[in-house]
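Below is one structure, written out as structure tokens; comments come after it.
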Amino acid sequence: MMYESLIVLAGAATALAVTPKGFEPAAEATLLVSFGNVAAAGGNVLAKEATQTAPNIGTQSQLDGTSFAVLMIDLDIPTNSPPATNTLLHWMQTGLTQSTTATPVNTSTGSTNAFLFQNSAGQAAFAQYLGPSPPARIPLSHRYTQVIVDTSDATDENLSVLEDAAASRMGFDALAVLTKAGLEGKVLAGNFFNVTNPGPAASVNSSTSATGGSAGSTATGTVSQPTQTLLVPAAAATQRARASETLLAIVMVGVVFAAL
């Protein structure tokens, strides 16, 4: 009987998490996320085009706190060692406040009242919103996770940790960063959605790639840029040969005229 109860509790705990399985720090309360009238919820698949500007975010119940931060992270950045993946920070905005009255929000999943978060002070983002754009590499489907963090009691030092971490988007480790900032227990709500590249997947050895460790690691990623060759050596040799022939012809004409 006790064993069965443990199974039920474990299942309930799993069901309560609204962030992806394995993501830490997990959230149990739902963060409402909408791109215009398109709702992001529970890992649903959204069109890339619909997600290129920062979404509206809120909660159905007003949260305790006076200041909040939102983080958005891609958990499925390709590496040169698939199926290993890396992470990428897509958004970090601090200084958010929550409205004191609920606002009707109409989305593709219906209408709901939400207490929206707003950057009323116009504070600059530690990491500007970066729209999802999964490349044609394995994995083609990317999970984009959002969490809201209570920063009401955060000191300037705590916020500096967030700002410093946001400077390096690739390999962003949410748990490590929030722990270092003393905010690991301040995640109040979360959500995630999916954006998928239609494929087909390109080779691992393609010229543009994101590299690094497994998801959640702090390894850095690099994007190699395509090189430009202004003059191919073989073509240069051909041009030199043609120039020599032209010069020789001019010399011969000069000799003929001199003989005349």
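Note that the structure is a prediction, hence the values are computed from the model and not measured.
A donor-acceptor contact shorter than 3.5 Å links the side chain of Gln98 to the backbone of Phe115. A donor-acceptor pair under 3.5 Å is absent between the side-chain atoms of Asp150 and the main chain of Leu188, judged by distance alone. No donor-acceptor pair under 3.5 Å is formed between the side chain of Thr196 and the backbone N or O of Leu140. Judged purely by atom type and a 3.5 angstrom limit, Asn194 has no side-chain atom pairing as donor or acceptor with the backbone of Arg143. Between the Asp164 side chain and the Val161 main chain, no donor and acceptor come within less than 3.5 Å of each other. Asn86 places no side-chain N or O within donor-acceptor distance of the main-chain N or O of Ile77, the cut-off being under 3.5 Å. Without hydrogens or angle criteria, Thr30 side chain to Leu32 main chain gives no donor-acceptor distance under 3.5 Å. Put simply, the side chain of His90 never gets that close to the backbone of Ile73: no donor and acceptor are under 3.5 Å apart. Although no hydrogens or angles enter the test, the distance criterion places a donor-acceptor pair under 3.5 Å between the side chain of Thr155 and the main chain of Asn158.
Between the OG1 atom of Thr87 and the NE2 atom of His142 there is a distance of 12.0 Å, given to the nearest 0.5 Å.
Minimum interatomic distance between Leu89 and Ala127 (heavy atoms only, all atoms of both residues): CD2-CB, 3.8 Å.
In the hydrophobic clustering (ILVMFWY side chains linked at under 4.5 Å, chained through shared members), Val105 is joined by Leu116.
Between Thr112 and Gln60, the side chains place a donor N or O and an acceptor N or O closer than 3.5 Å (distance only, hydrogens not considered). Using a 3.5 Å distance cut-off with no hydrogens or angles, the side chains of Ser152 and Ser67 do not pair a donor with an acceptor. Side-chain atoms of Thr145 and Thr19 form no donor-acceptor pair, as typed in the model, at a separation below 3.5 Å. In this model, a donor atom of one side chain and an acceptor atom of the other lie less than 3.5 Å apart for Thr94 and Gln123.
In this structure, Phe193 and Tyr144 have parallel ring planes: the angle between them is below the 30° cut-off, well short of the 60° mark.
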Show which side-chain atoms of residues 49-58 pair as donor or acceptor with protein atoms under 3.5 Å away, not counting sequence neighbours.
residue : atom : partner : partner atom : Å
Thr51   : OG1  : Lys48   : O            : 2.9
Gln52   : NE2  : Lys48   : O            : 2.8
Gln52   : NE2  : Pro132  : O            : 2.8

